[in-house]
Undergrad: 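Quick one: this structure, given as structure tokens, is what I'll be asking you about.
Just so it is clear: chains get the letters A, B, ... in the order the sequence lines come, proteins before strands, and each one is counted from 1. Below, all heavy atoms of this structure are taken into account, side chains as well, without hydrogens, waters or symmetry copies.
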Amino acid sequence: MSFLPREFYARDTVIVAKGLLGKKLVRKIGNKKISGIITETEAYRHKDDPASHAFRKKTERNRAMFEEVGRAYIYFTYGMYFCFNVVARNSKAEAGAVLIRAIHPEKGIEVMKENRKKDELKSLTDGPAKIAQAFDINKKQYGVDLTCNSELFITEGIGKRKIISSPRIGISAATENLWNFKITL
DNA sequence: CTTGGGATGGTCT
DNA sequence: GACCATCCCAAGG
């Protein structure tokens, strides 16, 4: 298993968002292992992106977006859900992160179903908060390093696919930026 | 299949 | 005090 090096994440957030498609997200909980292939991502940048959490200023909530690349930025939303992002930006930006929106489950599908309290495979990990549920991701993983072997990390996955670009989902600002990216397997 | 509303609370203005 | 980078279920076609 080969980890993605820190430099992978030290590029423009939009490039990294595309680059993460097809990569593998792995979660280890005790002796259980959950993994899947990333199939949909969204880029959120800094001062040039009114839809980004980092657009206004650094706060306690979004501080991970300003800190070391290749780590997890996790936020709580709608009073009940967590969403998982990967911190990524080049040296020109002060903040940036990639939201992981969809994953194709590989290992640990039964554990995911338990975590989600749902049985349907099709809707197991096809949304950001669903991924957090299935992979048991919450505030405890805030800031964890994804470039090395730990409870949560990213490795090489499958080969390149055709990338489809769309407007990002659930935002009202900067909809002209086609920063939602997805692949089909 | 699509649509609409409710759940539920941290964060920022 | 309003706003969410959401999800689920029930009701209607």
Undergrad: Kindly give the heavy-atom pair with the smallest separation between A:Lys24 and A:Glu106, and that separation in Å.
TA: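 Shortest heavy-atom contact: CE-OE1, 3.4 Å.
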Undergrad: Going by number, which of residues 170-185 of chain A have a non-hydrogen atom under 4.0 Å from DNA chain C?
TA: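 Heavy-atom contacts with DNA chain C come from A:Gly170, A:Ile171.
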Undergrad: With the threshold set at under 4.0 Å for non-hydrogen atoms, list the residues of residues 130-144 of chain A touching DNA chain C in residue-number order.
TA: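 By residue number: A:Lys130.
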Undergrad: Taking C-beta and beyond as the side chain, do A:Ile183 and A:Lys160 meet within less than 4.5 Å on heavy atoms?
TA: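 Sidechains of A:Lys160 and A:Ile183: no contact.
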Undergrad: Throw together a table of side-chain donor-acceptor distances under 3.5 angstrom for residues 69-89 of chain A, partners on residues two or more places apart or in other chains.
TA:
{"unit_1": "A:Arg71", "atom_1": "NE", "unit_2": "A:Glu68", "atom_2": "OE1", "d": "2.6"}
{"unit_1": "A:Arg71", "atom_1": "NH1", "unit_2": "A:Gly143", "atom_2": "O", "d": "2.9"}
{"unit_1": "A:Arg71", "atom_1": "NH2", "unit_2": "A:Glu68", "atom_2": "OE1", "d": "3.1"}
{"unit_1": "A:Tyr73", "atom_1": "OH", "unit_2": "A:His53", "atom_2": "ND1", "d": "2.9"}
{"unit_1": "A:Asn85", "atom_1": "ND2", "unit_2": "A:Tyr73", "atom_2": "O", "d": "3.1"}
{"unit_1": "A:Arg89", "atom_1": "NE", "unit_2": "A:Met65", "atom_2": "O", "d": "3.4"}
{"unit_1": "A:Arg89", "atom_1": "NE", "unit_2": "A:Glu94", "atom_2": "O", "d": "3.4"}
{"unit_1": "A:Arg89", "atom_1": "NH2", "unit_2": "A:Met65", "atom_2": "O", "d": "3.2"}
{"unit_1": "A:Arg89", "atom_1": "NH2", "unit_2": "A:Phe66", "atom_2": "O", "d": "3.3"}
{"unit_1": "A:Arg89", "atom_1": "NH2", "unit_2": "A:Glu67", "atom_2": "O", "d": "2.1"}

Undergrad: Grab the CE-P distance between A:Met65 and B:dC12 for me, whole Å please.
TA: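 So the two atoms are 12 Å apart, to the nearest Å.
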Undergrad: What parts of residues 112-119 of chain A reach DNA chain C, counting only heavy atoms under 4.0 Å away?
TA: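 Output list: A:Arg116, A:Lys118.
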Undergrad: If you count the non-hydrogen atoms of other residues, nucleotides and ligands that lie under 6.0 Å from NZ in A:Lys140, is the total more than 12?
TA: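 At most 12 heavy atoms, drawn from other residues, nucleotides or ligands, come within 6.0 Å of this atom.
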Undergrad: Can you measure A:Phe76 atom CZ to C:dC3 atom P for me and round it to whole angstrom units?
TA: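 Value for this atom pair: 19 Å.
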Undergrad: Are A:Arg27 and A:Glu151 close enough for a salt bridge, meaning some N to O gap below 4.0 Å?
TA: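 Answer for the salt bridge query: yes.
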Undergrad: Of all residues at least two apart in sequence or in a different chain, which pass the salt bridge (Lys or Arg N to Asp or Glu O under 4.0 Å) check with A:Glu60?
TA: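 For A:Glu60, the residues satisfying salt bridge (Lys or Arg N to Asp or Glu O under 4.0 Å) (neighbours in sequence not counted) are A:Arg63.
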Undergrad: Please work out if A:Arg61 contacts a base, only the sugar-phosphate, or nothing of the nucleic acid, heavy-atom cut-off 4.0 Å.
TA: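 Touches sugar-phosphate only.
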Undergrad: How many angstroms lie between OG1 in A:Thr13 and CG in A:Asp49, if you round to the nearest 0.5 Å?
TA: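 The distance works out to 9.0 Å.
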Undergrad: Return the set of residues passing side-chain contact (heavy atoms from CB on, under 4.5 Å) with A:Ile109 (not counting sequence neighbours), or none when no residue passes.
TA: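 So A:Ile109 forms a side-chain contact (heavy atoms from CB on, under 4.5 Å) with A:Pro105, A:Lys113, A:Leu121, A:Leu124.
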Undergrad: Could you state the interatomic distance from CD1 (A:Ile100) to CG (A:Leu21), rounded to the nearest 0.5 Å?
TA: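 Separation between the atoms: 8.5 Å.
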Undergrad: Run the salt bridge (Lys or Arg N to Asp or Glu O under 4.0 Å) test on A:Lys122 and A:Asp126 for me, step by step, so that the C-alpha distance in whole Å, both residues' side-chain angles and the decisive distance to 0.1 Å come before the verdict.
TA: CA-CA 8 Å; A:Lys122 195 171 165 293; A:Asp126 63 345; 5.6 Å; no
Undergrad: Polar pairs (N or O, both sides) under 3.5 Å between protein and nucleotides 6-8 of chain B?
TA:
{"unit_1": "B:dT8", "atom_1": "O2", "unit_2": "A:Tyr78", "atom_2": "O", "d": "2.5"}

Undergrad: With sequence neighbours excluded, tell me which residues meet salt bridge (Lys or Arg N to Asp or Glu O under 4.0 Å) with A:Lys182.
TA: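 In terms of salt bridge (Lys or Arg N to Asp or Glu O under 4.0 Å), with neighbours along the sequence ignored, A:Lys182 is linked to no residue.
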Undergrad: What's the spacing between A:Lys28 NZ and A:Ile34 CD1 if we round to 0.5 Å?
TA: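 Between atom NZ of A:Lys28 and atom CD1 of A:Ile34 there are 12.5 Å.
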Undergrad: Would you say A:Asn115 and A:Gln133 are linked by a side-chain donor-acceptor pair, where the criterion is simply a distance under 3.5 Å?
TA: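 Short answer, no.
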Undergrad: So, A:Lys92 and A:Asp12, do they make that salt bridge, N to O below 4.0 Å?
TA: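 Between A:Asp12 and A:Lys92 there is no salt bridge, as every charged N stays at least 4.0 Å from the carboxylate O atoms.
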Undergrad: Can you tell me the distance, in whole Å, between the CZ atom of A:Phe82 and the C1' atom of C:dC7?
TA: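 Answer to the nearest Å: 15 Å.
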Undergrad: Without decimals, in angstroms, what is the distance between A:Asp126 CG and C:dC7 P?
TA: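 Going from CG in A:Asp126 over to P in C:dC7 covers 8 Å.
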Undergrad: Taking atom OG1 of A:Thr125 and atom CD of A:Glu40, what is their separation to the nearest 0.5 Å?
TA: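 The distance works out to 11.0 Å.
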Undergrad: Check each residue of residues 38-59 of chain A for a non-hydrogen atom within less than 4.0 Å of any atom in DNA chain B, then write out the ones that pass by number, or none.
TA: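 A:Arg56, A:Thr59, in order of number.
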Undergrad: How would you list, by chain and number, every residue that makes a side-chain contact (heavy atoms from CB on, under 4.5 Å) with A:Ala17, sequence neighbours excluded?
TA: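 side-chain contact (heavy atoms from CB on, under 4.5 Å) list for A:Ala17, sorted by chain: A:Thr41, A:Ala43, A:Val98, A:Phe181.
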Undergrad: Could you work out, with salt bridge (Lys or Arg N to Asp or Glu O under 4.0 Å) as the rule, every residue matching A:Asp48, not counting sequence neighbours?
TA: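 Partners of A:Asp48 by the salt bridge (Lys or Arg N to Asp or Glu O under 4.0 Å) criterion, ordered by chain and then number, come out as A:Arg45.
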Undergrad: Dot-bracket for DNA chain B, please. Rules: Watson-Crick or G-U, both distances under 3.5 Å, ( ) within the strand, [ ] when a pair crosses earlier ones, | for another strand, . otherwise.
TA: |||||||.||||.
Undergrad: Roughly how far apart are A:Asp136 CG and A:Asn138 CG, rounded to 0.5 Å?
TA: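 With rounding to 0.5 Å, CG (A:Asp136) is 6.0 Å from CG (A:Asn138).
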